[in-house]
Amino acid sequence: MPLGVSYAVTFFLFILLLLICLTGQLVRWRSKLPQWAQGVWKVSALVSQKPALRLSLVTLALVLCLFMAPLNMFFLAEPPYSSLSVNVTQLETYRLYTVPYYLYCCLLALLSCVMFQRVNFELKLILLTFALVAYEVVFLHGVAHRSDCYVLQLYGNQSSPGVLKEPKILAGVWLFIFYFTALILARQDELRCRVQFQLQQRFLGECEEIKTMENLNHLLLQNVLPAHLTSEFIGKKHRNQDLYSQSYECVSIMFASIPDFKEFYSESSENRDGLECLRLLNEIIADFDELLSKPKFSGVEKIKTIGSTYMAAAGLSVTAGQDNNQPAQDRERQHTQIGNMVEFAIALVGKLDGINRHSFNSFRLRVGINYGPVIAGVIGARKPQYDIWGNTVNVSSRMESTGELGKIQVTEETSNVLQKLGYSCECRGMIKVKGKGELRTFFVCTDMSKSQGIALS
């Protein structure tokens, strides 16, 4: 009866510990769990977050194993202490053969301490040492008479089996052997776990570094290439002979230069051999780049800077084949891009005016805008350079070089589109354009009421 009760209580405790440990893995079926299991699930979630609770549960499980191993031996009937008056056949009723059985239970209990690999070696050492001392006291003193009677039952009074064959002596020897074996295994497990933890931490650190480098490369590449081209080059190996190119039917192109900067630039000891002049130019270009981060100019893409000339384009983010799907909507979108480019040019003028006020200069911007078909592509493999080519680019550059300070010069086709959008344009007349002969050009009026509310600084 005591044997069944003790095992029943232990079984219930171990089932409870098992539920606490495994219920957290049943997240998928949490809603289907019964009400009493919901409480166990909460305890399991708490245990997974608290290392002290996990260590307490492990210690409880180990103490139960170590305690239950020899417990039922104390509930067995004791044989009489006078071995001379007891017949050998009478000893069979006392179940003396259970002495080796409980020894094996104790040895298995010692080995159970090694099964928990995430428990530190010091706790295992303390539990194994206390268990060894308790087991030695039990087998060498507590049940020594039962061991003697078991020897009497096996060999009788006629012969002596020897010291090494007595169960109590064998129990002490085997307990020491398993104790040191368990300590060696526990120490090896701890060293292995430490090495595994260090390797895992190094692996996580390297993964974090790789992720950081990928993000850094992505940001650097975004500063060199347009955003819609970044995915083409991230994670792909391009050979030197590979060429990326894309044709566009309608792209608005702007050239904005500061002709006065050539006269402003000088190399003298006062400006540190031109360094201060370049510093001011860098400030101007950086302020121009800040405008690209505004949502209003998200469709504008900076192409490059050539000296003090700023080149940008709008309409390059259109995917291939999109221009031919819905002509009416595409035409409206293309015209909107041209209007955005004009607004961007007006914002550049405002930025430059703000810099003039702070630096006490009188720089003026000369802008030329044109739209039409272009070919965009990336040149170079190790240091890729994004650029656009075509007759539209050349005409836009001529609009800037033949323009006037403080004005935005456009072609006649661009003027017609801008007038449909509500802008007013002033006809300049026929001008001679290199490679194109004479072209009729227009100046965009930037003092209209439509552009008065734009934040220029």
Provide the closest heavy-atom pair for [X] versus [Y] in the form atom of the first, atom of the second, distance.
X    : Y    : result
V114 : K124 : O-NZ, 3.9 Å
A109 : C65  : CB-O, 3.6 Å
G299 : Q337 : O-OE1, 4.1 Å
Q385 : I303 : NE2-O, 4.0 Å
C425 : L418 : SG-CB, 4.1 Å

Listed partners of [X] passing side chain to side chain donor-acceptor pair (under 3.5 Å), at least two apart:
X    : answer
Y179 : T129
Y265 : E267
T59  : none

Look up atom [atom1] in [X] and atom [atom2] in [Y], then write down how far apart they are to the nearest 0.5 Å.
X    : Y    : atom1 : atom2 : value
I375 : Q246 : CD1   : CD    : 10.0 Å
L421 : H335 : CG    : NE2   : 7.5 Å
E301 : S252 : CD    : OG    : 13.5 Å
D189 : M115 : CG    : CE    : 9.0 Å
I431 : R440 : CD1   : CZ    : 11.5 Å
L110 : I177 : CG    : CD1   : 12.0 Å

So salt bridge (Lys or Arg N to Asp or Glu O under 4.0 Å) across residues 194-212, not counting sequence neighbours, yields E190-R194
Derivation and outcome, side-chain contact (heavy atoms from CB on, under 4.5 Å), residues I253 and F255: CA-CA 7 Å; I253 303 169; F255 282 85; 3.9 Å; yes
Distance-only, no hydrogens or angles: does the Y248 side chain make a donor-acceptor pair with backbone N or O of L316 under 3.5 Å? yes
Do any N or O atoms from the side chain of T309 and from the backbone of T305 form a donor-acceptor pair under 3.5 angstrom? no
Is any side-chain heavy atom of [X] less than 4.5 Å from a side-chain heavy atom of [Y]?
X    : Y    : value
L127 : L66  : yes
Q188 : L191 : no
L439 : R398 : no
V251 : T392 : no
L199 : F203 : no
V173 : F178 : no
L125 : R187 : no

Please enumerate all residues that pass side chain to side chain contact (heavy atoms under 4.5 Å, CB included) together with [X], with sequence neighbours excluded.
X    : answer
I210 : E214
N361 : F264, L280, N356, S359, F363
K407 : E404, F443
S56  : none

Please name all residues satisfying salt bridge (Lys or Arg N to Asp or Glu O under 4.0 Å) with E400, sequence neighbours left out, ordered by chain then number. R366
Using the test salt bridge (Lys or Arg N to Asp or Glu O under 4.0 Å), find all partners of K420 that sit at least two apart in sequence or belong to another chain. none
Scan the side chains in residues 282-293 for donor-acceptor partners under 3.5 Å anywhere in the protein, sequence neighbours excluded, and list what turns up.
unit_1: D289; atom_1: OD1; unit_2: K302; atom_2: NZ; d: 3.4
unit_1: D289; atom_1: OD1; unit_2: Y310; atom_2: OH; d: 2.7
unit_1: D289; atom_1: OD2; unit_2: K302; atom_2: NZ; d: 3.3
unit_1: S293; atom_1: OG; unit_2: E290; atom_2: O; d: 2.6

Holding to ring-ring contact (aromatic ring centres under 6.0 Å, His included), I want the full list of residues that pass it with Y371, two or more places apart in sequence or in another chain. none
In terms of side-chain heavy atoms, does T441 have a donor or acceptor partner in Q409 at a distance below 3.5 Å? yes
Side chains of T411 and N370: donor-acceptor distance under 3.5 Å anywhere? yes
With side-chain contact (heavy atoms from CB on, under 4.5 Å) as the test, would you mind laying out the steps for L107 and L111 before giving the verdict? CA-CA 6 Å; L107 296 179; L111 289 179; 5.9 Å; no
What's the verdict on side chain to side chain donor-acceptor pair (under 3.5 Å) for E343 and Y423, showing C-alpha distance, side-chain angles and the deciding distance? CA-CA 11 Å; E343 296 290 345; Y423 295 89; 2.5 Å; yes
